[in-house]
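Only heavy atoms go into these numbers, but all of them, side chains included; no hydrogens, no water, no symmetry mates.
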Protein chains: 2
Amino acid sequence: MGVSVTSRALDLLGAFDGEHRSLSLTDLARRAGLPLATAHRLVGELHRWGALAREPNGDYVIGRRLWQLGLLAPVQSGLRQAASPFLHDLYGTTLATVHLAVRDGLEVLYIERLAGHVSVPVVSRVGSRLPMHATGVGKVLLAYAPEEVRTEVLGRLTRITAYTVTQPARLLEQLRRVRAEGYATTGEEMSLGACSVAVPVRRGDTVVAALGMVVPDLRRQLPRLVSALQVAANGIGRTLNASVEWNSGLAGARPAAEG
Amino acid sequence: MGVSVTSRALDLLGAFDGEHRSLSLTDLARRAGLPLATAHRLVGELHRWGALAREPNGDYVIGRRLWQLGLLAPVQSGLRQAASPFLHDLYGTTLATVHLAVRDGLEVLYIERLAGHVSVPVVSRVGSRLPMHATGVGKVLLAYAPEEVRTEVLGRLTRITAYTVTQPARLLEQLRRVRAEGYATTGEEMSLGACSVAVPVRRGDTVVAALGMVVPDLRRQLPRLVSALQVAANGIGRTLNASVEWNSGLAGARPAAEG
DNA sequence: CCCCTCCTTCCATTCAACGGAAGAGGATTA
DNA sequence: TAATCCTCTTCCGTTGAATGGAAGGAGGGG
């Protein structure tokens, strides 16, 4: 049953993800569901073009050329540009890992990140997606997401650590408080040893993103961090309103943008 | 004369670059040298997969999925990680645009950048390439590049602004001073209104990258900026030495990494 | 030395890709 | 309103590029 070559080549690329950044030919073939000989030919072509590169051990990784291409993508570029200075300020003030994220379908998509020196186990990377219910930015985005999104997410609360909130009622209550108090927190719900705070970023009345930090412990400094985050979020919002260009690509109005 | 579908699809992607971040179907077909009907079919497939996205006006841009893929590429990740905090420090201290770049073949490849609020006309973007002879980081990398690279670059000094150094002898003299004094400068050689300073980043005795800044004017603050840069560069070098992982992908030992 | 895994090459068959041509949509001009 | 010029989309008979099973290295570990 014939599938187009193009989609097969793309499937090979799609075999890479955050957990599989380096794959052998056999792995690639297996993950893309292709016969080895076919994978061999296609991977060769991708490699020749620069889409894939080889590591010293022969495994394949995403190549420099795809990296360059990807950087041309207008992914929330308006938002990122507006946010950049504020993220630096935040980082300078708190020295914590700072995140800017938007909702993409039913997940959180991290679009900017400043990594702190502090060794907190942070899972997120720019370009990675995480579940909404276990991250600070996720809870914020979920709190302000359309009803239907909330319903669907609440239906599948996967457990990640022992502290992940998996009871819909409890999460709903948390989301209510997020809306009431203006910020969300997590405590080791995504990875042990990491807590987070996050606040919404608004353009006008619409929440377009979430701004968050990851720290080893929240207890003592919560009010200070919330204030800092809110100041930054307000600044970003104001900058967004000031900028004329309505950026393309909203925070994922439809679930699962790519099919 | 048949060419593989895969390479045609890749050629379509290759039609995008820093100056063409958004293309109509017709443009894509023209730039990739494909019949319109063929381009239409392939672009459709790329779009369906998420490699391309459409702007409101129907033009195509690089899609979110390629953006995510590209971010998985191990492009100097060790260096970037080591440099990140120092770049922030530099930015915090000087509020100028800060650059981290490596040599890739005969060009400079920008791998990290912190954009200042200050409105200086900066051309570089992360992932972009610029000629070595007209940028601060480029002069540094050229000064420490293998003889053969220097020779080839000196052979084609293209003029970009009225101030670009295009006489081989003059550039050679500048490179000699870079090695002697430990830093390079440019004055509106790449874009009018922008000056730059840069210093080498060493791992052991090898120059593996260049660290630079762009400012509107150098005169008054040159010594201060050079000091700040050198402190940061030393810090990065020390961090690199400390880190065990020898990162893949050097600063472009061979010209033109991708064929 | 044998066996196992992973990679590479080969080549006859066939099915997906091809692209010219015609049509749809939209904008601008007469 | 019609005519003209874009760019985009669809169609379909022909053909040659893609296919993948099989066989042949290459390494390496027992």
**Student:** Atom NE2 in B:H99, atom CG in B:L130: separation rounded to 0.5 Å?
**Tutor:** 8.5 Å
**Student:** For the pair made of CG in A:D11 and P in D:dT19, what is the distance, rounded to whole Å?
**Tutor:** 12 Å
**Student:** Checking side-chain contact (heavy atoms from CB on, under 4.5 Å) against A:Y110, which of A:V137, A:V126, A:L100 comes through?
**Tutor:** A:V137
**Student:** Taking protein heavy atoms under 4.0 Å as touching, what does nucleotides 24-30 of chain D look like 5' to 3' if B marks base contact, S marks sugar-phosphate-only contact and - marks none?
**Tutor:** -------
**Student:** Quick one: does NZ or CZ of B:R31 land under 6.0 Å from the six-membered ring centre of B:F16, within 45 degrees of the ring axis?
**Tutor:** no
**Student:** After noting the C-alpha distance and the side-chain angles of B:R103 and B:V108, does the key distance pass the side-chain contact (heavy atoms from CB on, under 4.5 Å) rule?
**Tutor:** CA-CA 5 Å; B:R103 181 170 67 80; B:V108 176; over 6 Å; no
**Student:** Taking atom P of C:dC7 as reference, at what distance in whole Å does atom CG of A:L23 sit?
**Tutor:** 11 Å
**Student:** Is B:E147 close to B:E152 at the side-chain level, that is, under 4.5 Å between some pair of heavy atoms?
**Tutor:** no
**Student:** Tell me the closest heavy-atom pair linking A:R129 and A:D104, and the distance in Å.
**Tutor:** NH1-OD2, 2.6 Å
**Student:** Show me the protein contacts with nucleotides 7-10 of chain D, counting only N or O atoms at under 3.5 Å.
**Tutor:**
from: D:dC8; atom 1: OP1; to: B:L25; atom 2: N; distance (Å): 3.2
from: D:dC8; atom 1: OP2; to: B:T26; atom 2: N; distance (Å): 2.7
from: D:dC8; atom 1: OP2; to: B:T26; atom 2: OG1; distance (Å): 2.1
from: D:dT9; atom 1: OP2; to: B:H40; atom 2: NE2; distance (Å): 3.4
from: D:dT9; atom 1: O5'; to: B:H40; atom 2: NE2; distance (Å): 3.4

**Student:** Could you tell me the separation between the CG atom of B:L34 and the C1' atom of C:dG20, rounded to a whole number of Å?
**Tutor:** 15 Å
**Student:** Is the shortest side-chain N/O distance from B:R8 to OP1 or OP2 of D:dA17 below 4.0 Å?
**Tutor:** no
**Student:** Under 3.5 Å, is there a donor-acceptor pair between the side chain of B:T161 and the main chain of B:E188?
**Tutor:** yes
**Student:** Less than 6.0 angstrom from the centroid, inside 45 degrees of the normal: does A:R21 satisfy that with respect to the ring of A:Y60?
**Tutor:** no
**Student:** Between D:dT19 and A:T38, is there an OP1 or OP2 to side-chain N/O distance shorter than 4.0 Å?
**Tutor:** no
**Student:** Starting at CZ of A:R48 and ending at C1' of C:dT8, how long is that distance when rounded to a whole Å?
**Tutor:** 13 Å
